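This one's a predicted model, so the numbers in the text were calculated from it and none came from an experiment.
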Amino acid sequence: MQNLLHNLNPEQLAAVTLPAQSALILAGAGSGKTRVLTTRIAWLIQTGQISPNGVLAVTFTNKSAKEMLMRLSAMLPINTRGMWIGTFHGLCNRLLRAHHRDAGLPQTFQILDSGDQLSFIKRLLKANNIDDEKFPPKTLMYFINSAKDQGLRAAQVDAYDDFNRKMVALYDLYDLQCQREGVVDFAELLLRTYELLSRNQPLREHYQSRFKHILVDEFQDTNDLQYKWLKLMAGTQAAVFAVGDDDQSIYAFRGANVGNMSAFEKEFQVENLIKLEQNYRSHGHILDAANALIEHNSQRLGKNLRTDAGHGELVRIFEASSDIQEAQWIAEEAKNLIRDGYDQSQIAILYRSNAQSRVIEHALFSANLPYRVYGGQRYFDRAEVKHAIAYLQLMDNPHNDSAFMRVVNFPTRGIGARSIEQLQDAAKQYGISLYAAVPYVSGKAGSSLASFVKLIEGARFETQHLPLPEMVQVVLDVSTLLNHYQSEKEGTERIENLEQLVNAATLFVAEEGFGHDAPALHGPASRPAGQLITNGAAPIEIIDADAALPTVMSPLSAFLSHASLEAGDNQAQVGQDALQLMTVHAAKGLEFDAVFIGGLEEGLFPHENSTQEESGVEEERRLMYVAITRARQRLYMTFSQTRMLHGQTRYNLRSRFFDELPEASLKWLSPKIQTNWFARPKSAWDDAPELGANAIAQSLQSQSQSVWRIGQNVAHAKFGEGVIVNIEGSGSNARAHINFGKFGMKLLDLSIAKLDRI
DNA sequence: ATGATACATCTTTTT
DNA sequence: GATGTATCAT
C-alpha cells in the first residue's frame with residue numbers, strides 16, 4: 001500500500017484515495033493522468049473496497065485499455081481478468097454477444113467498420129433508386145452516425161424540411177437493412193446496448209449492482225450517447241471516476257461533447273473536483289506558451305499548468321519562404337539536435353493535416369534521416385485482408401451483404417454486374433439477403449451464383465471442427481485468394497499479409513482463448529447457453545456476460561469482432577530509432593524531448609474549414625495546445641510564406657496563434673516581419689507586395705487570364721449548358737459555381753474543368 | 001472483365 | 001499533385 005501511493009503529489013494522492021463517490025479529475029497535459037486512474041483501481045482493490053469484478057474501466061482506444069491493463073498487472077499481484085477494462089465499443093460488443101437475444105440480434109451479428117458502412121449505404125441508395133447526387137452517401141452516413149451518437153433512432157429525429165424528412169426515412173431504411181443482414185455499425189453497438197439496458201430492468205440492475213466503480217478515461221471525448229450510457233450503467237449506486245481535460249478536447253468534429261464535463265459535475269453531484277495542474281513533462285517557457293494560448297478560449301473549466309522544471313529554453317520560431325524550405329530547415333535542425341545528443345526517436349515533427357507529410361518526408365529522405373510516419377494503413381484495412389475476412393464473415397453470417405458483395409466475384413468467377421443486378425432484384429423483392437436470394441436467380445447467372453454459395457457452404461462444413469488458425473488457412477486456399485495473388489506480379493506482399501492472418505488467428509487464440517477484448521474464459525461454461533432473461537416472470541436468473549459468453553460466441557465470431565474493433569496497429573513499424581512524423585491528433589497522449597510544429601499558417605492551422613465559427617477556432621486552439629504540450633525540452637514552430645496545396649501555390653499568412661503567445665517565451669529565428677495583417681483585407685492579392693516582385697508578376701498574370709465572370713454562359717461535355725453563378729478564389733485557384741439546370745449546381749475548378757464560352 | 005480516361009475531391013480519426 | 005471512383009471503350 002505504501003508502495004502503491006508513494007511518489008504521488010498531494011493532488012494525485014487526493015484523487016486516488018477519494019471516497020466512493022463520483023468525482024471529476026481535471027488532469028492537465030503531462031500531469032500523470034493514467035497513473036492516477038490505474039493507481040485508483042489498484043488502491044480500491046488493495047484496500048478491499050471492491051473486488052476485481054466490480055470494476056468497470058472505459059477508454060476510447062484499445063491502446064489505452066491495454067496500457068491500463070499492463071500497468072495494473074504490474075501494480076497488483078492479482079489476476080486482472082475479472083475486471084472489465086476496455087473501449088466503449090469493446091465492452092458493448094461483449095454485452096451484446098452475451099445477451100444477443102434480448103438485444104434482438106442474431107448470435108453471429110457482425111460489425112461494420114466505417115468503410116463497410118459507407119459501401120453499405122451506397123448499396124442501399126442504389127437498391128432504392130435514390131439519386132446519390134441529391135443524397136450523397138457520405139452525408140447520409142454522417143447524418144445517421146450523428147443521430148446515433150446522440151442516442152436517437154430515426155423516429156426520434158426532428159425533420160423540419162423535405163430533405164431532412166428524406167434523410168430520416170433513409171436512416172430508418174438503413175437500420176432495417178442492417179437488421180436484415182445481421183450487421184451493426186460502431187455507433188449501433190453503443191445505442192443497442194443502451195436500449196437493451198434501458199428496456200430490460202433485471203439485466204440493468206444486475207450490471208448496476210455488479211459495477212460499483214466505473215472509471216472513465218479521456219472523459220472530454222465522450223459523446224452524448226456515451227454519456228447517457230454511463231449514466232445508465234452507473235444507476236444510483238456506482239461511483240463514477242471521470243478523468244479528463246477540457247483543454248484537450250479535439251474530437252468535437254466527431255461528436256465529442258465537452259459539455260459532458262460540466263453536466264457530469266451537476267448530474268452526478270460531484271463534490272470532489274480535483275485539478276491536476278502539476279506538469280511533469282515540459283519546461284517553463286513551453287508551458288507558459290501553452291497556458292497563454294489556451295487563455296484565449298472562452299469556454300473553459302479553468303486550469304493552469306505549472307512546473308518545477310525551470311524555464312528551460314525559449315520556444316523557437318522560424319519563418320520559411322516555401323514549404324520546401326520549411327521542410328529542409330526542419331531536417332537540418334533535426335540533424336543538429338541529433339548531433340547535440342538528442343535521441344532520434346525523441347524528436348517529433350507534427351502537422352495539422354496528413355498532406356503536409358510528403359514534403360517533410362522528402363526533405364528527411366534527402367538529408368538521409370530515418371523517419372517513420374504514424375497513421376498509415378492498418379493491417380485489417382488492407383484490401384487482401386478484407387477479402388479474406390469477408391469469406392470468414394460469410395461463413396459465420398451469410399446474410400452480411402457487404403461481405404457477399406466484396407468477394408462474390410473476387411477472385412473473378414464470371415459473376416458480373418448483370419448477374420448481381422438480377423440477384424439484387426430478387427433480394428429486394430423478397431426482402432432477404434443476397435445470399436438467401438441466390439436460389440431465386442435462374443439461368444447461367446443462377447448457376448454461377450449457386451456454385452459460389454456452395455463454395456462458402458463447403459468451406460464452412462470442412463472447417464467446422466477445426467481450430468481457428470487452420471480454418472483461416474483453409475479459407476485462404478478454398479477461396480483461391482492465395483492462388484490469385486500468386487499469379488499477380490505485385491502479389492508477394494499481399495500473400496505475406498494473408499499468411500499473416502493465420503498468425504493473427506493463432507495469436508488471438510493463444511491470448512486467453514478469444515483475445516483480450518473478450519472476458520475471462522476459463523474452461524467450458526458451467527451453465528447452458530446464456531438464454532435467460534424474460535421480462536415479466538420472476539424469479540429471473542441472470543447469467544452474467546462472463547458466464548454466458550463462452551457458449552454464445554464462437555472463436556470465429558470473436559475473431560471477426562476483434563478484426564473490426566481493433567483494426568490493428570497503425571503505429572507503423574515498432575521500435576525503430578527514427579524521427580516521428582504524425583498529425584497533431586495522433587500525437588495526443590505522447591511526449592517527446594523535441595517537437596517541431598510545422599505549417600502554422602492561417603487556413604492550415606487553424607484550418608480554414610474551422611474558422612467560420614468561434615467554436616471551430618477554439619477547437620483548433622486546443623489542438624495547438626495539445627501540440628505545444630507534447631514537448632519536454634525544446635519546441636519549434638514554423639510557418640511558410642508559400643505552400644503547395646491541392647496542386648496550387650498558396651500564399652498564406654502567419655497563424656493567428658503566434659499573436660496569442662507570450663513574446664517573452666519566444667525566440668524568432670528569422671526576423672519577425674511587421675505586417676500588421678489584421679488591419680489589411682484578408683485576400684492573398686493584397687498581401688502580394690510582401691511576397692516580392694515575382695509573386696506580383698505571377699498574380700497579375702493569372703488575373704489577366706481569368707476570362708470567367710459571373711453570368712457567363714458555358715458549355716460542358718457532360719453537364720451541357722450552364723451559367724456561372726458565383727466564382728470563389730482567384731487566379732489559378734478559382735472555382736465556379738455553375739448552374740447546369742437539370743444536372744444541378746456544380747462547383748468546378750476553372751483551371752481543370754473543360755468549359756467553353758457560349 | 002479489364003484498362004483507360006475523366007473528373008471530383010482534398011482536415012483531423014477511433015471504434 | 002495524388003487519389004479514388006465512375007464511366008466508357010475494348
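Both A/H89 and A/G416 sit near DNA chain B, but only A/G416 has its closest nucleotide nearer the 5' end. Each of A/G414 and A/G647 lies near DNA chain B, and the nucleotide nearest A/G414 is the one positioned closer to the 5' end.
A distance cut-off of 5.5 Å between ring centres, combined with a plane angle under 30°, places A/H607 in a stacking arrangement with the base of B/dT11. Stacking between A/H585 and the base of B/dT13 is absent under the criterion of ring centres within 5.5 Å and planes under 30 degrees.
With rounding to whole Å, A/F380 atom CZ is found 14 Å from B/dT15 atom C1'. For the pair A/E613 CD and B/dT11 P, the interatomic distance rounds to 16 Å; values are reported in whole Å. Rounded to an integer number of Å, the gap from NZ of A/K126 to C1' of C/dA6 is 9 Å. The CG atom of A/N223 sits 11 Å away from the C1' atom of B/dT15 (whole-angstrom rounding). Residue A/K138 contributes atom NZ, which lies 10 Å from atom C1' of B/dA8 at whole-angstrom precision. Atoms CG (A/L350) and P (B/dT12) sit 14 Å apart, rounded to a whole Å. Remark: P of C/dG1 and CZ of A/R643 are 16 Å apart, rounded to the nearest angstrom. At whole-Å resolution of the value, CG in A/N609 and P in B/dT13 are 14 Å apart.
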Contacts table for residues 140-149 of chain A: side-chain donor-acceptor under 3.5 angstrom, sequence neighbours left out:
from   : atom 1 : to     : atom 2 : distance (Å)
A/N145 : OD1    : A/Q117 : NE2    : 2.8
A/N145 : ND2    : A/Q117 : OE1    : 3.3
A/N145 : ND2    : A/M141 : O      : 3.4
A/S146 : OG     : A/Y142 : O      : 2.8
A/S146 : OG     : A/F143 : O      : 3.4
A/K148 : NZ     : A/D175 : OD1    : 3.1
A/K148 : NZ     : A/D185 : OD2    : 2.8
A/K148 : NZ     : A/E188 : OE1    : 2.7

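Contacts of A/F253 with the nucleic acid, taken as non-hydrogen atoms under 4.0 Å apart, include base atoms. Among the atoms of the strands shown, none is found under 4.0 Å from any heavy atom of A/D185. Looking at heavy-atom distances under 4.0 Å, A/N354 makes contact with sugar-phosphate atoms alone, never a base. Across all strands shown, A/Q356 has no heavy atoms under 4.0 Å from either base or sugar-phosphate atoms. If you check every strand for non-hydrogen atoms under 4.0 Å, A/S114 touches a base. Looking at heavy-atom distances under 4.0 Å, A/F88 makes no contact with the nucleic acid at all.
By the 4.0 Å N-to-carboxylate-O rule, A/D132 lies too far from A/K126 to be salt-bridged with it. Between A/E619 and A/R622 a salt bridge is recorded (basic side-chain N to carboxylate O distance below 4.0 Å). Looking at A/R650 and A/E601, no side-chain N of the basic residue comes within less than 4.0 Å of a carboxylate O on the acidic one, giving no salt bridge. Contact check on A/D113 versus A/K386 returns a salt bridge, with a Lys/Arg side-chain nitrogen under 4.0 Å from an Asp/Glu carboxylate oxygen.
In the set C/dG1, B/dT12, B/dT14, the nucleotide with an atom closest to the side chain of A/R378 is B/dT14. Here the side chain of A/T412 is nearest to one of B/dT15, B/dT11, B/dT2, namely B/dT2. The side chain of A/S353 lies closest to B/dT12 when the candidates are C/dA6, B/dT12, B/dT13.
Under the side-chain contact (heavy atoms from CB on, under 4.5 Å) rule, A/F219 has a single partner from A/N260, A/V243, A/V258, which is A/N260.
Residue A/N62 places no side-chain N or O under 4.0 Å from the OP1 or OP2 atom of B/dT14. In this model, the phosphate group of C/dA2 is approached by a side-chain N or O of A/R358 to a distance below 4.0 Å at OP1 or OP2. The side chain of A/T583 contributes an N or O atom lying less than 4.0 Å from OP1 or OP2 of B/dT13. Between A/R352 and B/dC10 there is no side-chain N or O to OP1 or OP2 distance below 4.0 Å.
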